[in-house]
Amino acid sequence: MLFSRGFSRLPKATFNRCSKWLLSHHRHPHPQDHHHRHRHFVLSPTHRVLGCRETYSWGSPFLSGVRHQIHQESSSLAEEQLDPFSLVADELSLLADRLRSMVVAEVPKLASAAEYFFKMGVEGKRFRPTVLLLMATALNVPLPRPALAEVPETLSTELRTRQQCIAEITEMIHVASLLHDDVLDDAETRRGIGSLNIMMGNKVAVLAGDFLLSRACVALASLKNTEVVSLLATVVEHLVTGETMQMTSTSEQRVSMEYYLQKTYYKTASLISNSCKAIALLAGQTAEVSMLAFEYGKNLGLAFQLIDDVLDFTGTSASLGKGSLSDIRHGIITAPILFAIEEFPQLDAVVKRGLDNPADIDLALDYLGKSRGIQRTRELAMKHANLAAEAIDSLPESGDEDVLRSRRALIDLTHRVITRTK
Ligand code: GRG
């Protein structure tokens with residue numbers, strides 16, 4: 001099974017707990033198990049955590065797991081190091097233009113609110129559209145049905161436009177959720193500028209989020225694919241469910257790794273996993289390939305959020321306390337603290353008290369510094385990054401250079417997610 005392989009380095013009890021709910025979601029047979037090689041992002045033998053200073057390196061097996069179709073390429077192509085973002089740069093800039101035109105509103109106030117985070121320079125990392133455009137190319141393989149083996153040029157252009165539309169919808173849902181999140185959190189900044197709630201007030205920010213969602217719905221309807229509509233509607237439900245889980249958790253739920261992972265899937269990984277699946281469905285891919293696309297997105301999304309949770313404590317420096325500490329200050333308990341509780345059970349009572357008291361936050365940070373919480377969170381993120389890369393390795397073979405290049409870029413992204421500092 002895809003899940004159990006990547007978790008082999010985690011203690012069994014932790015793996016069982018972390019993966020219980022994940023296994024109950026979307027269990028599926030691996031279509032090409034025999035092709036699998038072990039791919040592991042590993043901590044270097046010299047890896048250590050001293051007062052939470054840490055050094056990580058990528059084990060050489062990183063590239064060795066890429067399947068033989070990639071190894072069979074000409075060495076120049078195989079060695080080519082391409083930035084995943086630059087591979088789709090032209091399309092990303094077209095997408096940015098289209099997004100700006102899609103969010104034009106009749107009422108001037110709503111128009112300026114809706115376009116706020118689509119303006120040049122404040123578009124964010126564009127991580128999701130990059131993944132989706134790369135996934136569209138990575139899945140550009142002949143379909144098993146002979147009638148569809150030769151796709152005419154016009155049809156493949158039309159398919160690409162529809163897949164770009166998924167990237168636009170995904171970005172609109174993402175930005176809508178950011179706007180609502182900032183209202184709920186009373187955030188003051190976003191993407192390095194004043195948050196919309198601060199610039200225009202909570203009411204306009206909520207309405208702008210609703211407006212983006214409605215424009216996303218119109219775009220989704222235009223695709224005339226009910227399965228894809230259903231996937232993305234479920235994503236919105238998951239975003240709201242995840243946020244509500246975070247907001248309403250009991251003290252018992254706050255210290256549960258299972259609860260945390262489920263909330264993380266809903267809040268962060270569902271959007272990218274279901275959008276990846278939508279890309280595959282639009283291409284008419286098989287259930288197996290669609291599920292591999294989903295698995296890639298899910299595991300990449302989980303790895304992304306786990307690293308986000310580490311960075312909240314460490315910032316760019318890898319030293320504890322250098323991050324914004326925004327989560328813990330808002331009483332939000334994330335994986336590093338949950339792992340620290342396993343080592344220091346006395347931290348459980350501190351966390352359950354609610355962390356309203358700054359002295360309790362300091363105490364929790366002291367325990368975290370003495371624990372392997374940060375390191376174990378990174379390890380869990382690496383397990384998910386490995387699983388994401390394995391999903392790409394398991395795609396049907398292709399000799400097409402563009403397809404292989406995009407697959408390598410998707411695998412490269414799993415690496416970047418783990419090593420990112422912002
Ligand atoms: C209105 C759809 C909708 C949802 C309402 C508020 C809410 C329910 C959900 C919150 C979802 C949320 C904001 C999750 C956090 C996801 C996350 C990791 C955001 C940061 O993503 P980046 O770093 O941001 O990719 P940029 O700015 O680079 O795009």
Side-chain angles (χ1 to χ4, degrees), residues 84-85 92 95-96 99 103 113-114 116-132 167-187 189-197 202 204-217 219-220 231-248 260-275 297-298 300-312 315-316 323-324 326-327 330 332 334-335 381 384 413 416-417 420-422:
F85 296 89
L92 282 178
L95 185 126
L99 277 169
V103 301
Y116 191 67
F117 284 117
F118 295 107
K119 286 210 198 102
M120 218 106 58
V122 280
E123 295 139 308
K125 294 183 282 297
R126 297 192 279 193
F127 176 70
R128 293 158 192 81
T130 300
V131 168
L132 295 172
E168 289 151 15
I169 292 163
T170 299
E171 203 57 4
M172 280 194 280
I173 295 175
H174 170 57
V175 173
S177 77
L178 297 180
L179 295 182
H180 284 194
D181 201 45
D182 288 347
V183 169
L184 293 170
D185 292 352
D186 278 325
T189 58
R190 168 72 67 182
R191 293 182 173 173
I193 59 172
S195 57
L196 193 62
N197 44 302
N202 280 345
V204 171
V206 169
L207 291 170
D210 293 344
F211 178 73
L212 294 182
L213 278 186
S214 69
R215 284 286 154 97
C217 286
L220 198 48
L231 280 182
L232 287 163
T234 303
V235 164
V236 177
E237 179 189 328
H238 285 171
L239 286 165
V240 174
T241 303
E243 184 65 29
T244 313
M245 281 175 78
Q246 183 172 293
M247 204 189 289
T248 62
Y260 160 83
L261 284 173
Q262 183 157 18
K263 179 210 76 181
T264 300
Y265 171 73
Y266 285 151
K267 274 196 72 175
T268 305
S270 175
L271 177 59
I272 188 67
S273 57
N274 283 296
S275 307
K298 182 187 76 183
L300 188 74
L302 291 173
F304 182 95
Q305 189 58 55
L306 286 160
I307 295 300
D308 228 48
D309 294 344
V310 165
L311 294 175
D312 196 63
T316 55
S324 66
S326 153
D327 291 334
H330 284 93
I332 297 168
T334 57
H384 284 292
L413 275 177
R416 286 169 188 255
V417 157
R420 78 193 175 99
T421 53
K422 60 178 181 160

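For the numbers below, each heavy atom of this structure counts, side chains included, while hydrogens, waters and symmetry mates do not. Just so you know, these numbers come straight off a predicted model, no measurement behind them. One-based numbering, in listed order, for ligands and for the atoms of each.
Contact annotation: the side chain of E123 never approaches that of L99 to less than 4.5 Å [non-hydrogen atoms, C-beta and beyond]. Contact annotation: the side chain of L220 never approaches that of M172 to less than 4.5 Å [non-hydrogen atoms, C-beta and beyond]. No side-chain heavy atom of L271 sits under 4.5 Å from any side-chain heavy atom of H238. Between D182 and L196 there is no side-chain heavy-atom pair separated by less than 4.5 Å. The side-chain heavy atoms of Y116 and L179, taken from C-beta on, include no pair separated by under 4.5 Å. K267 places a side-chain heavy atom less than 4.5 Å from the side chain of Q246. Contact check for D181 versus E243: side-chain heavy atoms found under the 4.5 Å cut-off. Residues V131 and R128 fail the side-chain proximity criterion, which asks for heavy atoms closer than 4.5 Å.
Residue H174 places a heavy atom less than 4.0 Å from ligand 1. The shortest heavy-atom distance from F117 to ligand 1 is not under 4.0 Å.
Those atoms of ligand 1 that come under 4.0 Å of a heavy atom in T268, given as number and element, are 16 (C), 18 (C). Applying the 4.0 Å criterion to heavy atoms of R191 picks out, from ligand 1, the atoms 26 (P), 27 (O), 29 (O). Near Q305, meaning under 4.0 Å from any of its heavy atoms, are these atoms of ligand 1: 18 (C).
The nearest protein atom to atom 2 (C) of ligand 1, hydrogens excluded, is given as L239 CD1, 3.6 Å; this is a heavy-atom distance. When hydrogens are left out, the protein atom nearest atom 1 (C) of ligand 1 is H180 ND1, 3.1 Å; that is the closest non-hydrogen contact.
Contacts between D181 and ligand 1, counted as non-hydrogen atom pairs separated by less than 4.0 Å, involve both the backbone and the side chain. The parts of K267 lying near ligand 1 are both backbone and side chain, judged by heavy-atom distances below 4.0 Å. With a 4.0 Å cut-off on non-hydrogen atoms, R128 touches ligand 1 through its side chain and not its backbone. Both the backbone and the side chain of K125 come within 4.0 Å of ligand 1, judged by heavy-atom distances. Contacts between L213 and ligand 1 below 4.0 angstrom, taking non-hydrogen atoms only, involve the side chain exclusively.
The aromatic ring centres of F304 and H384 sit 6.0 Å or more apart.
Looking at ligand 1, you won't find any N or O of E243 less than 3.5 Å from one of its N or O atoms.
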